Colleague: 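Below is the structure I would like to discuss, written out as structure tokens.
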Amino acid sequence: MTAFHRARIVLTHGIGGRVDLPVPSWLAMYAGAVAVLASFFVLIALWPKPRLGAPGAGRPLPWLERLANSVAVRTVLRAAGLTMLAIFLVTAWIGPDDGGRSNPVPYWIYVWFWVGLVPLSLLFGPIWRRLNPLRTLAGLVRSAVRNRVLPLPDRLGYWPAVLGLFAFVWMELIDDKAASPRTIAIFVTGYAVLHIIAGVVFGPEWFARGDAFEVYSWMVSRASPLGRRADGRLVLRNPLDGLAATPAKPDLTPVVMVVLGSTAFDGLSRTAAWSDVVADTGRAAYLSLGTAGLVAAIAVVAGTYNAAIWLTRRFVGSDRNVRAELAHGIIPIAIGYTVAHYFSFAMFEGQQGILLANDPLARGWDLLGLSTATIDYALMAPWGIALIQVAAIVVGHIVAVTAAHDRSVGMLPRRSARRGQYPMLVVMVCYTITGIALISGS
């Protein structure tokens, strides 16, 4: 259980409904593995050559493109982003510092923002790029000081974003003060100052590669039915085409590994085995064990993936960057894991963020007329939640297998088209079984 959820003693976060699987856990794991394997062999038989990511893929939406590109819409979105940041920081710094009991800030950042970025980016594309208040503030400062923008070194890749993601998930999953609005205020303020300065120095490109949340939103948006083609046109597309068109440079793999590894640790940290490990430990020991566990979870995910890539590269017989070229194939897995682990959390604790917004500074206000309202835990049956969690993992892996297969048949020699995909298939099956095991509490 994360520090935030421990403080709230919330049992519904992520895999809170895991004991209510509608089928035995072993059967769910078996069915998930079979579904992934079956989809692979169907693809082998019916999908012999690449079909995805054509430059002209997608149906243009000229009216929506004009609206999205309009100065008015861009201005409204930027103003909305600035307003949300201002309200958030005022509430975080001035509101009660009571671990989220009467201050909505923990719910706003961990539920509405962190979890909410996934559905928003799937529906509307890289929406955070338009809303990002740090990008807006950096642009205003840069215009005021008129400094010379420095080029962002290519060797940095997405590593600034990786570090930012790790810092955020460390705070949410490890820090025992994660629910404190003041802790969150310090993190967000420091993060904002650092990125505004970097945005002034390196220009807008910094946010596309350095801002953890903008990169995360863009990564998820690769699976959105709305997207931009290479010619800049806004189109309605097959999400698989969006995934296939993900640029291989810089290498997005480290970003996905942090998301996958941290989500896996989130599930692992709420098992009885982990509770026994951290039981009766002091704060320093708890933070050390948690940090080691988080790093180890990311390392295991990255290690297994890179091992599969190393084996696949032996069949390619070229100097192609196989890891970067297949990175788009693991994006659906990260999305599926996120939905599985945070669905019930968003459904129930998201309501608390609304209820506490009724009086965010604990001044006796009734801004939304919700002073007597409570969380509706009957919104969905536990078995329904568990079913969605399992389905998210299995569907995410099937989509991942499809995306990886399409790229592989264009990259591997024909004689090795099947064998060359076996290493990645094994890893995906293992991920599927592990994900369902964590959901089921096995």
Side-chain angles (χ1 to χ4, degrees), residues 28-44 47 52 162 219 222-223 240 243-244 246 248 251-268 294-316 320-341 390-412 416-440 442:
M29 289 185 279
Y30 178 79
V34 169
V36 173
L37 286 169
S39 65
F40 171 76
F41 288 108
V42 169
L43 290 168
I44 286 291
W47 199 308
L52 303 174
V162 171
M219 179 191 80
R222 303 311 304 173
L240 286 167
L243 287 168
T246 304
D251 185 359
L252 190 62
T253 307
V255 179
V256 190
M257 294 296 101
V258 170
V259 175
L260 276 175
S262 62
T263 307
F265 176 76
D266 186 18
L268 177 65
L294 177 60
V295 171
I298 296 172
V300 168
V301 172
T304 53
Y305 177 75
N306 284 318
I309 292 297
W310 180 79
L311 292 172
T312 300
R313 189 180 291 118
R314 299 175 62 188
F315 293 95
V316 174
R320 296 176 70 162
N321 189 342
V322 178
R323 189 179 75 164
E325 291 197 47
L326 290 179
H328 72 288
I330 50 176
I331 292 175
I333 299 176
I335 295 172
Y337 268 52
T338 301
V339 172
H341 281 267
V390 173
I393 291 177
V394 175
V395 171
H397 280 81
I398 291 174
V399 174
V401 167
T402 305
H405 171 78
D406 182 80
R407 181 64 54 83
S408 296
V409 293
M411 182 171 55
L412 292 164
S416 305
R418 178 183 295 190
R419 289 184 298 136
Q421 296 184 65
Y422 285 159
M424 189 60 65
L425 177 64
V426 170
V427 168
M428 289 188 179
V429 170
C430 290
Y431 286 174
T432 302
I433 293 172
T434 302
I436 295 176
L438 289 174
I439 286 177
S440 64
S442 301

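These figures come from a predicted structure and were not determined experimentally.
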Colleague: Evaluate the criterion side chain to side chain contact (heavy atoms under 4.5 Å, CB included) for residue pair Asn306 and Arg323; output intermediate values, then yes/no.
Modeller: CA-CA 7 Å; Asn306 284 318; Arg323 189 179 75 164; 3.0 Å; yes

Colleague: For Gly420 and Thr312, which heavy atoms make the closest approach, and how far apart are they?
Modeller: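 Nearest pair, atom of Gly420 first, then Thr312: O-OG1, 3.3 Å.
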
Colleague: State which residues pass side chain to side chain donor-acceptor pair (under 3.5 Å) with Thr338; sequence neighbours excluded, sorted by chain then number.
Modeller: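 Result, side chain to side chain donor-acceptor pair (under 3.5 Å) vs Thr338: none returned.
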
Colleague: Minimum heavy-atom separation for Ile393 to Ala340, with atom names?
Modeller: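 So the two residues come closest at CG1-CB, 3.6 Å.
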
Colleague: List the steps and the verdict of side chain to side chain contact (heavy atoms under 4.5 Å, CB included) for His397 and Val429.
Modeller: CA-CA 8 Å; His397 280 81; Val429 170; over 6 Å; no

Colleague: Measuring from Gln421:CD to Phe40:CZ, what's the distance to the nearest 0.5 Å?
Modeller: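 Answer rounded to 0.5 Å: 4.5 Å.
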
Colleague: Under the side-chain contact (heavy atoms from CB on, under 4.5 Å) test, which residues partner Val426, sequence neighbours left out?
Modeller: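 side-chain contact (heavy atoms from CB on, under 4.5 Å) check on Val426 returns Cys430.
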
Colleague: Return the set of residues passing salt bridge (Lys or Arg N to Asp or Glu O under 4.0 Å) with Arg418 (not counting sequence neighbours), or none when no residue passes.
Modeller: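 Applying salt bridge (Lys or Arg N to Asp or Glu O under 4.0 Å) to Arg418 gives none.
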
Colleague: Would you name the heavy atoms of Glu325 and Arg407 that are closest together and state the gap between them?
Modeller: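 For Glu325 versus Arg407, the nearest heavy atoms are O-NH1, 2.6 Å.
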
Colleague: Looking at CG of Asp251 and CG of Leu326, how far apart are the two atoms once the value is rounded to the nearest 0.5 Å?
Modeller: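 With rounding to 0.5 Å, CG (Asp251) is 10.5 Å from CG (Leu326).
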
Colleague: Quick one, Met411 and Val316 - any side-chain contact, counting heavy atoms below 4.5 Å?
Modeller: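 Met411 reaches Val316 side chain to side chain.
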
Colleague: May I ask you to test the Leu243-Leu52 pair for a side-chain heavy-atom distance under 4.5 Å?
Modeller: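 SC-SC contact between Leu243 and Leu52 ruled out.
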
Colleague: Rounded to the nearest 0.5 Å, how far apart are OH of Tyr305 and CE of Met428?
Modeller: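 Result: 7.5 Å between the selected atoms.
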
Colleague: Does some side-chain heavy atom of Val409 sit less than 4.5 Å from a side-chain heavy atom of Leu43?
Modeller: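 A side-chain contact under 4.5 Å is absent here.
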
Colleague: Under 4.5 Å between any side-chain heavy atoms of Asp266 and Tyr337, yes or no?
Modeller: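 Result no, sub-4.5 Å side-chain heavy-atom pair not found.
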
Colleague: Could you report the tightest heavy-atom contact between Ser39 and Val401, atom names first, then the distance?
Modeller: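 Ser39 and Val401 have their closest heavy atoms at OG-CG1, 4.1 Å.
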
Colleague: State, to 0.1 Å, how close Met219 and Ala334 come at their nearest heavy-atom pair, and which atoms those are.
Modeller: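 So the two residues come closest at CE-CB, 4.5 Å.
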
Colleague: Look up atom OG1 in Thr263 and atom CD1 in Ile333, then write down how far apart they are to the nearest 0.5 Å.
Modeller: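 Nearest 0.5 Å value for the OG1-CD1 distance: 12.0 Å.
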
Colleague: Can you tell me how far the CD1 atom of Ile309 sits from the CD1 atom of Ile330, to the nearest 0.5 Å?
Modeller: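 Atom-to-atom, Ile309:CD1 and Ile330:CD1 are 7.5 Å apart.
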
Colleague: Taking only residues two or more places apart in sequence or in another chain, which ones pass side chain to side chain donor-acceptor pair (under 3.5 Å) with Thr402?
Modeller: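 Residues passing side chain to side chain donor-acceptor pair (under 3.5 Å) with Thr402: none at all.
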
Colleague: Under the side chain to side chain donor-acceptor pair (under 3.5 Å) test, which residues partner Arg222, sequence neighbours left out?
Modeller: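 For Arg222, the residues satisfying side chain to side chain donor-acceptor pair (under 3.5 Å) (neighbours in sequence not counted) are Thr246.
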
Colleague: Say you draw a straight line from CG of Leu311 to CE of Met424; how long is it, rounded to the nearest 0.5 Å?
Modeller: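 The CE atom of Met424 is 9.5 Å from CG of Leu311, to the nearest 0.5 Å.
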
Colleague: Where is the tightest heavy-atom contact between Gly32 and Ile436, given as atom of each residue plus distance?
Modeller: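 Closest approach of Gly32 to Ile436, heavy atoms only: CA-CD1, 4.2 Å.
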
Colleague: Listed by chain and number, what are the side chain to side chain donor-acceptor pair (under 3.5 Å) partners of Tyr431, not counting sequence neighbours?
Modeller: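 Here the qualifying residues are Thr304.
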
